[in-house]
Amino acid sequence: MSKKRKKPVVEQIIKCPECNSTQISKDYSRAELVCDECGLVIVENLIDHGPEWRAFDSEQRRTRSRVGAPVNYMLSDKGLSTNLGWRNKDAYGKSIPTKNRPQVYRLRKWQRRARVINASERSLSLGFTELNKVSSSLGLPRSVRERAAVLYRQATKKNLIRGRSVQVIALASIYAACRLNNLPRTLDELGDISDVSRKDIGRTYRFLTRELDLKIMPTSPVDYVPRFCSKMKLDQDVTSKSIEILKEASDNELISGRGPVGLAAAAIYMSTVLNGCRKTQRDIAEVAGVTEVTIRNRYKELVKNLDIPFSL
DNA sequence: AAGACGAAAGTGGTTGA
DNA sequence: TCAACAACTTTCGTCTT
């Protein structure tokens, strides 16, 4: 594999701009540099040598293969209009010199081509626009976007969009893609940035996973911790302490059946207290999107069952 | 006055008949 | 399809700092 060759490329010491930590993980599968402490994604799309995809069946091999252009799942959107912007100055109204005639010809050609896009591709491109909008407002790495685009494409192909809005399918694809990449967002977060209710997104998500046969494990509370902590600007000790607490909790079977978000919130609450930088339950509740009551219930359980020296 | 606490009733989703 | 159920939320009064 060409993976061997990639390694030396990022050997320099890199510091996290957020928390100054030098503990940076290189995640090749996601092409990201991620700060171990605060979870900040420092560089996305780090390396792009060779295929970063794997094909598990012939269908994927076909949709993912790069014939011509480099891989880009936002295919039908593929810059038909942006490419035409060209480096000419005619945007200022100057007439196009004769020597640029070939370019004008190209423009016309593309325009002709753009017009023959069929209905299903048009709807795909609508969906991709939506995917892009949502994922940039959530700051999702490219890997997640592409995964979402794949899901969206499959949904289209299976005619799952019929009777549902483009938007809700896009949101559900993103939600699923986030979970598949272990960068879970809550349904509330998705609901907040769109005008689709959490309920609808959830329902569509379940529908998608069923129809596309996706096997998605329940999310781990740990996956939420770095993001919540960095949202509250907590320092790395708190983050790692929270994760430690959750590890212990999972050893003691306190995880299953509980909402992962509430658990993450409770663990963070506890570690802020333990680290002497206490946050109010309300603050954490707000960031995590659960109620204070839930935080209380969870952290009571944790205190009771794990012997953590914990007192207010 | 703000934060934490906990009881009680209500909500939405899952499960199993 | 329906009822039972567990987790979580909302609301609110009380206690603590």
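In the text below, chain A, chain B and the rest are named by the order of the sequence lines, each starting its count at 1. Values below: all heavy atoms of this structure, side chains included; hydrogens, waters and symmetry mates excluded.
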**Complete:** note: A:L187, atom CG; C:dC8, atom C1'; distance rounded to Å ~ 14 Å
**Message:** With a 4.5 Å cut-off on side-chain heavy atoms, are A:T280 and A:I284 touching?
**Reply:** no
**Opposite nucleotide pairing with C:dA6, Watson-Crick or G-U, both atom distances under 3.5 Å** = none
**Request:** Give A:R206 one of three labels, base, sugar-phosphate or nothing, depending on what nucleic acid heavy atoms sit under 4.0 Å from its own.
**Result:** sugar-phosphate
**Prompt:** What nucleotide, of C:dC8, B:dC5, B:dG13, holds the atom closest to the side chain of A:R258?
**Reply:** C:dC8
**Fill in**
Whole-Å distance, A:E286 CD to B:dA2 C1', equals 15 Å
**Request:** May I have the distance from A:D188 (atom CG) to B:dG12 (atom P), rounded to whole angstrom?
**Result:** 13 Å
**Message:** What contact category does A:G262 fall into here, base, sugar-phosphate, or nothing, at under 4.0 angstrom with non-hydrogen atoms?
**Reply:** nothing
**Message:** Within a 6.0 Å radius of atom CD on A:E286, are there more than 12 heavy atoms belonging to other residues, nucleotides or ligands?
**Reply:** no
**Request:** Ignoring backbone atoms, test whether A:R296 places a side-chain nitrogen or oxygen under 4.0 Å from the OP1 or OP2 oxygen of B:dG3.
**Result:** no
**Fill in**
note: A:R298, atom CZ; B:dC5, atom P; distance rounded to Å ~ 14 Å
**Message:** Strictly below 4.0 Å: does A:Q281 bring a side-chain N or O up to OP1 or OP2 of B:dC5?
**Reply:** yes
**Request:** Round to the nearest Å and state the distance from A:R198 atom CZ to B:dG12 atom P.
**Result:** 9 Å
**Request:** Mind calculating the distance between CG (A:L263) and C1' (C:dA6) to the nearest angstrom?
**Result:** 15 Å
**Item:** Nearest-angstrom distance from the residue atom NZ of A:K199 to P of B:dT14
**Value:** 12 Å
**Complete:** Output for pair (A:D235 CG, A:S230 OG), nearest 0.5 Å, gives 12.5 Å
**Prompt:** Got a second to check how far A:D237's CG is from A:E244's CD, nearest 0.5 Å?
**Reply:** 10.5 Å
**Prompt:** Is A:K279 near enough to B:dG3 that one of its side-chain N or O atoms lies under 4.0 angstrom from OP1 or OP2?
**Reply:** no
**Electrostatic pair A:E301-A:R298, nearest N-O below 4.0 angstrom** = yes
**Asked** Base, sugar-phosphate, or nothing for A:R203, non-hydrogen atoms under 4.0 angstrom?
**Response** nothing
**Request:** State whether A:Y299 places a side-chain N or O below 4.0 Å from either non-bridging phosphate oxygen (OP1 or OP2) of B:dC5.
**Result:** yes
**Message:** Measuring from the side chain of A:R278 (C-beta onward, heavy atoms only), which nucleotide among B:dG13, B:dG6, B:dA4 has the closest atom?
**Reply:** B:dA4
**Request:** Please state how far atom CD in A:E292 lies from atom P in C:dT11, giving the value in whole angstrom units.
**Result:** 12 Å
**Message:** Categorize A:T291 for me: base, sugar-phosphate, or nothing, with a 4.0 angstrom heavy-atom threshold over every strand shown.
**Reply:** base
